[in-house]
Amino acid sequence: MISHQLSLRAGLVRQTSAGIYAWLPLGLRVLKKVERIVREEQDRAGCQEVLMPTVQPAELWRESGRYDDYGKEMLRFSDRHAHEMLYGPTNEEMITDIFRQYVKSYRDLPKNLYQIQWKFRDEVRPRFGVMRGREFLMKDNYSFDIDFDGAKRSYDNMHTTYLRTFARMGLKAIAVRADPGAIGGSLSQEFQILAETGESKIFYDAELDSMDVNDIEGTRALYASAEEKHDPATCGVPPDRLREARGIEVGHIFYFGTKYSEAMNATVTGPKGEAITVEMGSYGIGVSRLVGAIIEASHDEKGIVWPEPVAPFHVGLVNLRVGDGACDTAANEIYEKLQAAGVEVLYDDREERAGVKFATMELIGLPWQLVIGPRGLAAGVVELKSRASGESEEISVESALARLVG
RNA sequence: CGGAGUGUAGCUCAGCCUGGUAGAGCACCGCCUUCGGGAGGCGGGGGUCGGAGGUUCGAAUCCUCUCACUCCGACCA
């Protein structure tokens with residue numbers, strides 16, 4: 001798995017146990033950027049952020065019946081009072097519990113609550129680095145509506161929000177019809193990033209390949225399905241336009257109606273004073289998995305090629321000759337100016353040979369490299385190189401700064 | 001959960017078969033070389049050999065147990 005190899009070589013993460021990772025400085029910056037984009041789009045879609053505990057009491061899960069259904073994937077343990085506890089693999093029960101305690105009237109609906117929190121699923125076989133870890137960071141949100149029409153609107157709203165979220169990360173996600181699995185329910189779609197190494201097989205209309213990621217409506221209209229739900233006879237796509245590919249699942253949206261609200265008695269009072277069991281949906285985005293998926297979708301033989309919005313730094317400043325007065329002065333000045341302008345800059349002031357520094361910069365894949373060397377300085381120029389295109393140009397310090405700040 | 005492996009220096013691994021004072025490359029530290037695409041030379045530091053028992057005069061090496069990790073498969077919001 002190339003993304004995992006690059007993650008280790010670039011020092012993004014360190015495995016501490018099977019499927020459990022420590023996030024190192026560079027990797028954490030990426031994780032935070034992904035998290036921020038997800039959060040901004042959730043807020044924009046009208047969701048409200050909460051934060052629920054990672055450790056949950058078994059009683060909640062007994063109420064929904066899932067304590068027995070979930071199986072060994074759930075990490076269970078007891079506290080000192082012999083109370084049965086678990087490390088949350090998901091949060092339907094807890095959010096339903098919170099909802100039923102505070103929301104009493106149909107006038108408070110619709111409501112959509114989300115959190116970005118660590119989950120734990122005791123996978124039999126963790127693999128692919130952070131893409132299939134046991135502990136992972138996930139954005140999960142839950143919608144509450146008065147009826148099916150409302151729930152459908154919430155579902156569609158999340159559909160749009162997800163496409164927008166992934167597009168902002170430089171990713172093209174395909175929303176495929178999916179099996180709802182253990183969550184239950186009828187409406188269900190997975191968001192897949194195309195990658196040869198993906199775990200899921202998908203089928204989709206070739207028109208999607210040429211579709212702009214920002215054309216949300218156009219994208220939504222086209223056919224795409226997970227292997228399990230695909231039927232060549234009824235999909236409606238001409239055979240020559242049907243594509244088969246592999247994908248990495250980075251998001252999943254579900255409508256499941258009253259499965260949990262009924263079991264846990266989550267009702268609101270309706271206009272006529274009657275008790276109405278709320279219609280729910282849940283929606284997940286694998287935040288930590290996205291870090292791996294982005295690398296899988298964006299790298300070359302030299303290393304990672306970060307899309308700008310999630311890059312750990314905007315520019316890597318390379319001082320080719322540390323200890324040389326002119327180089328040090330120029331590099332330090334540029335560093336100060338970039339910092340002052342709010343540009344995220346990583347300054348390589350190691351006493352290493354040029355080749356080592358270039359190789360490191362390519363590996364960690366920052367969008368821009370600004371190279372300061374004695375040869376260029378003598379001619380009054382520095383080198384500005386784009387990681388994605390590989391093109392570099394020798395320009396004055398002033399124009400380089402203008403380009404990076406602007 | 002079935003099957004197959006691997007645990008020896010920070011990393012990758014040799015040594016184990018055939019027991020006898022723990023090695024290499026890379027990384028790290030110092031000096032030299034001043035070197036714009038992962039240099040070279042000299043010197044140096046670093047390991048309870050995953051853990052516990054056992055056999056033996058003597059165990060990284062043989063035996064038993066145990067723990068961890070990896071890969072293949074099944075499983076999987």
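Naming convention: chains lettered A, B, ... in sequence-line order (proteins, then strands); numbering from 1 in each chain. Basis for what follows: all heavy atoms, side chains included, without hydrogens, waters or symmetry-related copies.
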Does [N] pair with anything, Watson-Crick or G-U wobble, both distances under 3.5 Å, and if so, with which nucleotide?
N     : result
B/U61 : none
B/C35 : none
B/C71 : B/G3
B/C26 : B/G10

Acceptor/donor pairs from residues 364-382 of chain A side chains to any protein atom, 3.5 angstrom cut, sequence neighbours excluded:
residue	atom	partner	partner atom	Å
A/Trp368	NE1	A/Glu308	OE2	3.3
A/Gln369	NE2	A/Glu362	OE1	3.3

How many Å lie between [atom1] on [X] and [atom2] on [N], as a whole number?
X        : N     : atom1 : atom2 : result
A/Glu73  : B/A74 : CD    : P     : 16 Å
A/Gln15  : B/C69 : CD    : P     : 8 Å
A/Glu228 : B/C75 : CD    : P     : 11 Å
A/Gln5   : B/C71 : CD    : P     : 11 Å
A/Glu352 : B/C26 : CD    : P     : 15 Å
A/Leu8   : B/U70 : CG    : P     : 11 Å
A/Arg127 : B/C75 : CZ    : P     : 11 Å

Write down the distance separating the [atom1] atoms in [N] and [M], rounded off to the nearest Å.
N     : M     : atom1 : result
B/C75 : B/C17 : P     : 42 Å
B/U70 : B/G37 : P     : 39 Å
B/A9  : B/G25 : P     : 16 Å
B/U61 : B/G53 : P     : 14 Å
B/G45 : B/C29 : P     : 16 Å
B/G50 : B/G38 : C1'   : 33 Å
B/G7  : B/C11 : C1'   : 14 Å
B/G46 : B/C62 : P     : 29 Å

ask   = Is the shortest side-chain N to carboxylate O distance from A/Arg387 to A/Asp300 below 4.0 Å?
value = yes

query = Are A/Glu93 and A/Arg66 close enough for a salt bridge, meaning some N to O gap below 4.0 Å?
reply = yes

note = Going 5' to 3' through nucleotides 36-46 of chain B and flagging B where a protein heavy-atom sits under 4.0 Å of the base, S where only the sugar-phosphate is that close, and - otherwise, we get BBBB-------

message = A cation-pi test, strictly: NZ or CZ of A/Arg29 under 6.0 Å from the centre of the six-membered ring of A/Phe313 and no more than 45 degrees from its axis. Yes or no?
response = yes

request  = Kindly indicate whether a cation-pi arrangement holds for A/Arg353 with A/Phe358, taking the cut-offs as under 6.0 Å to the six-membered ring centre and within 45° of the axis.
outcome  = no

What pairs of donor and acceptor atoms, side-chain ones from residues 13-24 of chain A against any protein atom, are under 3.5 angstrom apart with sequence neighbours left out?
residue	atom	partner	partner atom	Å
A/Gln15	OE1	A/Tyr21	OH	3.2
A/Thr16	OG1	A/Ile20	O	3.4

request  = Name every residue in residues 24-47 of chain A that has at least one heavy atom under 4.0 Å from any atom of RNA chain B, in order of residue number, or write none if there are no such residues.
outcome  = none

ask   = Within less than 4.0 Å of OP1 or OP2 of B/C69, is there a side-chain N or O belonging to A/Ser17?
value = yes

Residues 44-54 of chain A side chain polar contacts: donor-acceptor under 3.5 Å, at least two apart:
residue	atom	partner	partner atom	Å
A/Arg44	NH1	A/Glu41	OE2	3.3
A/Gln48	OE1	A/Lys111	NZ	3.3
A/Glu49	OE1	A/Arg39	NE	2.8
A/Glu49	OE1	A/Tyr114	OH	3.2
A/Glu49	OE2	A/Arg39	NE	3.3
A/Glu49	OE2	A/Arg39	NH2	3.0

is_close_aromatic([X], [Y]), centroid dist under 6.0 Å:
X        : Y        : answer
A/Trp61  : A/Tyr70  : yes
A/Phe191 : A/Tyr162 : yes
A/Phe99  : A/Tyr142 : no

key: Among B/G73, B/C1, B/C69, the nucleotide that comes nearest once only the side chain of A/Ala18 is considered   = B/C69

query = Who are the ring-ring contact (aromatic ring centres under 6.0 Å, His included) partners of A/Trp306, not counting sequence neighbours?
reply = none

